[in-house]
There are 2 protein chains.
Amino acid sequence: MRFQTFHHNGRQACGDCPIRHRAVCSRCDDDELALLDQAKFYRSFEAGQTIALSGERMDFVASVVSGIATLTQTLEDGRRQMVGLLLPSDFVGRPGRDHAAYDVTATTDVVMCCFRKARFETIMQDTPRIGQRLLEMTLDELDAAREWMLLLGRKTAREKIASLLVILARRDAALRAQGAATRASFDLPLTREAMADYLGLTLETVSRQISALKRDGVIGLVGTRRVDVPDMRRLIDEAGDDSDGGMPF
Amino acid sequence: MRFQTFHHNGRQACGDCPIRHRAVCSRCDDDELALLDQAKFYRSFEAGQTIALSGERMDFVASVVSGIATLTQTLEDGRRQMVGLLLPSDFVGRPGRDHAAYDVTATTDVVMCCFRKARFETIMQDTPRIGQRLLEMTLDELDAAREWMLLLGRKTAREKIASLLVILARRDAALRAQGAATRASFDLPLTREAMADYLGLTLETVSRQISALKRDGVIGLVGTRRVDVPDMRRLIDEAGDDSDGGMPF
DNA sequence: CGGCCTTTTTGATCCACGTCAATGCTGACA
DNA sequence: TGTCAGCATTGACGTGGATCAAAAAGGCCG
């Protein structure tokens with residue numbers, strides 16, 4: 001097995017390659033993928049910037065190389081719900097279609113690996129392997145979305161916060177190629193408001209629940225953005241999940 | 001265009017075929033799919049029955065031929081969240097993997113078209129076209145899931161109910177191959193409890209909001225399970241969506 | 001260091017929805 | 001016809017989280 005899971009939703013990435021691009025990095029697999037290598041180009045975005053995937057003469061399929069971006073949906077009156085976190089190796093932009101009613105925004109500085117949509121489609125035609133990989137990734141994404149639906153529909157504010165922290169802790173551990181430790185410490189890559197948009201809460205509630213978890217000794221805070229988890233087990237319990245970690249970390 | 005959209009989440013089905021199985025029906029496409037035809041077999045389930053996709057010597061990938069089934073996730077303490085509605089043409093059971101932490105339950109009597117998982121995988125290998133179709137369907141499903149996340153995270157109870165009714169109305173219209181009408185009338189295929197599980201509400205709230213919509217003249221009820229929508233436009237407004245119908249009905 | 005801006009925390013209050021409990025409705029069956 | 005079992009509705013009440021408002025804590029830059 002040369003692929004390792006490193007993503008909060010179980011998506012697989014190439015473990016050998018610093019880019020960690022399962023479906024894109026040509027170093028990680030057979031010659032078929034060399035095609036992709038020739039077609040790709042890079043773009044970078046600053047934190048806070050909106051990432052436009054379609055414009056005049058520009059329709060992309062892209063995948064994140066580094067940094068974090070978010071996918072957000074908005075109601076007319078301004079209510080916002082984040083529906084996806086784009087982490088390195090994630091794809092965005094639908095190969096076959098024009099759609100995309102999502103805002104894509106860079107949370108940190110982001111580098112994306114882009115393909116012109118039309119070009120990408122022909123490559124997919126010629127290289128079934130790529131389609132298979134995309135299918136795998138999309139199924140993972142779907143599983144993650146469904147887990148998130150459970151969170152949004154049925155969890156309490158406290159459980160929501162705990163769940164998010166667990167996910168971030170796991171992702172952090174995975175990025176640094178560490179196994180499951182009972183103690184963990186990591187930076188929050190999101191503002192309270194972004195967390196709220198993700199969890200279907202208000203930023204005040206997010207802040208209050210984080211304070212509560214701190215007061216109860218479940219987490220410690222260093223400044224406002226760094227979290228220390230003395231006992232991972234305890235945090236996971238707070239998340240209310242049956243999964244003691246479906247993810248193999 | 002021989003495929004028509006008929007599903008609430010925009011999934012495409014073969015319009016020429018009564019089975020409406022885009023990815024399964026061999027009549028609807030090139031010879032490649034004949035392979036699938038040989039490998040498939042059918043099973044049927046009664047309303048209320050749990051659909052087991054894996055057991056001793058039985059690992060399926062299956063797709064719904066007729067009837068409605070639901071995908072549900074459960075928390076230890078019994079809180080339930082429905083995460084998917086399986087309608088004719090929908091697939092369930094992950095081709096490549098063993099997972100599936102979902103309850104699959106028949107809502108009405110259901111007929112499913114099944115493939116042994118291993119067999120299905122080899123067919124996919126040999127027939128890239130099938131993989132491409134599954135990718136399309138999965139992407140549609142993902143879009144639907146994301147829309148649902150917006151609903152779960154940010155909509156009020158009344159908006160949730162209205163959204164669900166709009167979806168059911170559209171699906172009904174599509175199944176009967178009718179276009180968008182301003183007046184509509186259809187049966188609810190779900191109990192109040194199932195609606196609650198789907199919307200992240202309690203059954204009491206569902207009942208109350210339906211009563212409220214009726215009181216306000218947005219809908220009419222015939223008995224308890226049949227809904228009459230005098231003005232579709234109005235119901236859609238109640239749903240709070242920006243989309244005046246992203247679906248082309 | 002001091003001013004300015006953004007993010008975060010905290011408090012007071014409100015209300016949408018959950019909870020608990022009673023009642024009604026419908027259909028199956030003897 | 002009565003009884004029973006499942007939905008469904010309705011009411012009374014409590015509460016988790018939203019809302020509104022203000023203070024505190026960081027950056028950032030002169």
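Order of the sequence lines sets the chain letters (A, B, ...), proteins ahead of strands, with each chain counted from 1.
- Residue B/Ser211 places at least one side-chain N or O under 4.0 Å from the OP1 or OP2 atom of D/dT10.
- Proximity of B/Arg225 to the phosphate of D/dA8: a side-chain N or O atom is located under 4.0 Å from OP1 or OP2.
- For the OP1/OP2 pair of D/dA18 and a distance below 4.0 Å, the side-chain nitrogens and oxygens of A/Thr202 include at least one atom meeting the criterion.
- Using a 4.0 Å heavy-atom cutoff across all strands shown, B/Gly48 reaches no nucleic acid atom at all.
- B/Ile210 comes within 4.0 angstrom of nothing in the nucleic acid, heavy atoms only.
- In this entry the distance linking NZ of B/Lys214 with C1' of D/dT10 reads 13 Å, nearest Å.
- The main-chain N or O of B/Val218 is never found under 3.5 Å from a side-chain atom of B/Asp216 such that the two would form a donor-acceptor pair.
- Across the protein-nucleic acid pair, A/Leu203 atom CG and C/dT6 atom P stand 15 Å apart, rounded to whole Å.
- Between B/Asp77 atom CG and C/dG18 atom P the separation is 15 Å, expressed in whole Å.
- Side chain of A/Lys155 to backbone of A/Leu150: no donor-acceptor contact under 3.5 angstrom is found.
- In this structure, A/Arg146 satisfies the cation-pi test against B/Tyr102, with its NZ or CZ atom closer than 6.0 Å to the six-membered ring centre and inside 45 degrees of the ring normal.
- A/Leu221 places its CG atom 11 Å from the P atom of D/dG26, with the value rounded to the nearest Å.
- Rounded to whole Å, the distance from CG on A/Asp197 to P on C/dT8 is 12 Å.
- The base of D/dC7 does not come close enough to the side chain of B/Glu193 for any donor and acceptor atom to sit less than 3.5 Å apart.
- With salt bridges taken as basic N to acidic carboxylate O contacts below 4.0 Å, one links B/Arg80 and B/Asp197.
- Across the protein-nucleic acid pair, A/Arg226 atom CZ and C/dT8 atom P stand 16 Å apart, rounded to whole Å.
- Judged by distance alone, with hydrogens and angles left aside, B/Arg208 brings no side-chain donor or acceptor close enough to the base of C/dG18 to form a pair under 3.5 Å.
- D/dG27 atom P lies 12 Å from atom CG of A/Asp187, rounded to whole Å.
- Nearest-nucleotide positions on DNA chain C for A/Thr205 and A/Arg154 put A/Thr205 closer to the 5' end.
- Taking a cutoff of 4.0 Å between a charged side-chain nitrogen and a carboxylate oxygen, B/Lys160 and B/Glu238 do not qualify as a salt bridge.
- Residue B/Glu204 places no side-chain atom within donor-acceptor reach of the base of C/dC17, judged by atom type and a 3.5 Å distance cut-off alone.
- A/Ser207 comes within 4.0 angstrom of a nucleotide base, judged by non-hydrogen atoms across all strands.
- Rounding to whole angstrom units, CG of residue B/Leu201 and C1' of C/dT19 are separated by 14 Å.
- At C/dC17, none of the side-chain N or O atoms of B/Arg158 fall inside 4.0 Å of OP1 or OP2 (strictly under the cut-off).
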